Amino acid sequence: MFAAENGLKGDPRLEAISAAIRVVPNFPKKGIMFQDITTLLLDHKAFKHTIDIFVDRYKDMQISVVAGVEARGFMFGPSIALAIGAKFVPLRKPGKLPGKIHIALKFLGFFVVDDENGNTVIIGKVISESYELEYGHDRLEMHVDAVEPLERVIIIDDLVATGGTLSAAISLMESQGAEVVECACVIGLPEVKGQHKLKGKPLYVLVEPSGLDEFC
Amino acid sequence: MLFLLYILLLSLCHRAPAIRLPSNNSKTPFLLRSKASRDSETMATKEDVQDPRIPKIASSIRVIPDFPKPGIMFQDITTLLLDTEAFKDTIDIFVERYKGKGISVVAGVEARGFIFGPPIALAIGAKFVPLRKPKKLPGKVISEEYSLEYGTDKIEMHVGAVEPGERAIIIDDLIATGGTLAAAIRLLERVGVTIAECACVIELPVLKGREKLGETPLFILVTSDAA
């Protein structure tokens, strides 16, 4: 759900956050209006508002893990984790994490996860067949033992479009017996408006994309 | 296998702050300077007080042998991120050092620099500027090339992210050969930014990365001889 529908209607911070996000047309390919959060990171006040809103929401929810999706989830997740006293767990593209890992991999329409013994376990169907197949988006890795059973987790990314990447992240967490309390993103594309849940998990989004008006 | 275990144990020992090599060289040993001498350029001496938070930070870092290839002892900071106290202490130490020093830019090197940089930037009131691998940043960029063992790579920054005259720190989790940090320095200096300092959690002094940084000071929490 959008923050404005969930207690933050009219909150001036949301407008400042939205205004700080830059739209770059035709990146990475023609027709895509890319939502660039790097300008949000340059605006100290707006960046702080972003973190504060998430921290206020999660600080009393007994969250012990903030998982962030590489790479832009890394820019938001750790600050939230530090403020709420949670661990930060990076969810990375293939080959980046050393040591023993779990992998969520989209295979024939299912998410499969390798357990510690190297057995491949099917843990859920993908919710959408049409998410981006840009390299790395359909495979996420997490360290073995980063998350323990029954831990309460929030998953952070800068933006949610079809929800494919977040679905992979949810799969990773659930395969370890952890509970995903919510997925949280700064920006939510129109596809998710009206959707309160992603793979059965609540979705919390601060703002809609900027700069779509002229194309609607 | 036993040999690997031996190397692993050795590396763990060298991260233990109780062990100090005689400081005959001009490179700063891994102990933090005490508050009193923080602003001076003198070498750390035996009288320096180590920040009591350092041992816990050092011990929270996991060493993984033979990653990404045989012979490399990889310094894995993800275990530091799982230790809420050690992670908080890490950020606090950097924030204490840079707050109120006129730093308006914290530049972080992809991707692990993105984990440490933003919390520091938020706490000291600075912008966070990601320095990224090619083709990741959507807008107009400037690039700087640097050498790898085989071939070259590039880092990029958005045009307009920083302005001439700004003071910056550059953050990464680790300095090894110094190639990436040196490129980051060149990138920022090209657009008129002064680098106050480079800051890393870990240094591998054996690889002499510090020498590549020229005049730019380097601040480190932990050193490791595992390389």
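The model shown is predicted, which means the values in this text are computed figures rather than measured ones. Protein chains get the first letters and strands the later ones, always in sequence-line order, with residue 1 at the start of each.
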### Task
Taking all heavy atoms of H44(A) and all of A121(B), pick out the closest pair and write down the distance.
CD2-O, 3.9 Å
### Message
Using heavy-atom distances under 4.5 Å, tell me whether F114(B) contacts chain A through its side chain, its backbone, both, or neither.
### Response
both
### Minimal non-hydrogen separation, R92(A) against A111(B), with atom names
NH2-CB, 3.4 Å
### Task
Under 4.5 Å heavy-atom distance to chain A, tell me which part of E110(B) shows up: side chain, backbone, both or neither.
side chain
### Summary
Of the listed F34(A), F76(A), F47(A), the one with the largest count of heavy-atom pairs under 4.5 Å with chain B is F47(A)
### Query
In this structure, are over 12 heavy atoms from other groups packed under 6.0 Å from K96(A) atom NZ?
yes
### Task
Mark yes when over 12 heavy atoms from residues, nucleotides or ligands other than E15(A) sit less than 6.0 Å from its CD; otherwise mark no.
no
### Task
Looking only at non-hydrogen atoms, find the nearest pair between S79(A) and L122(B) and report the distance.
OG-CD1, 3.4 Å
### Query
Given side chains that start at C-beta, do those of R62(B) and H143(A) come closer than 4.5 Å, heavy atoms only?
yes
#### Entry: Side chain, backbone, both or neither of P130(B) within contact of chain A (heavy atoms, under 4.5 Å)
side chain
### Query
Are V129(B) and L42(A) close enough that some pair of their side-chain heavy atoms sits under 4.5 Å apart?
yes
### Residue selection (most heavy-atom pairs with chain A, distance under 4.5 Å) from G160(B), G125(B), A161(B)
G125(B)
### Message
Can you confirm whether K56(B) is buried at NZ, in the sense that more than 12 heavy atoms of other residues, nucleotides or ligands lie under 6.0 Å from that atom?
### Response
yes
### Query
How close do T38(A) and H158(B) get, heavy atom to heavy atom, and via which atoms?
OG1-ND1, 3.0 Å
### Task
Please report the shortest heavy-atom distance between P98(A) and D76(B), naming the atom on each side.
CG-CG, 3.9 Å
### Query
So, do P118(B) and F74(A) sit near enough that their side-chain heavy atoms are less than 4.5 Å apart?
no
### Query
At their closest point, which heavy atom of F27(A) faces which heavy atom of K135(B), and how far apart are they?
CZ-O, 3.6 Å
### Task
Using a cut-off of under 4.5 Å on heavy-atom pairs, state which of I115(B), V106(B), V105(B), V162(B) scores highest against chain A.
I115(B)
### Query
Under a 4.5 Å heavy-atom cut-off, does chain B meet the side chain of K45(A), its backbone, both or neither?
neither
### Query
Say you draw a straight line from CG of L80(B) to NZ of K87(A); how long is it, rounded to the nearest 0.5 Å?
13.5 Å
### Contacting region of A86(A) [heavy-atom separation from chain B under 4.5 Å]
backbone
### Query
For L97(A), is it the side chain, the backbone, both or neither that has a heavy atom under 4.5 Å from a heavy atom of chain B?
both
### Task
With a 4.5 angstrom heavy-atom cut-off, could you sort out which part of L137(B) is near chain A: side chain, backbone, both or neither?
both
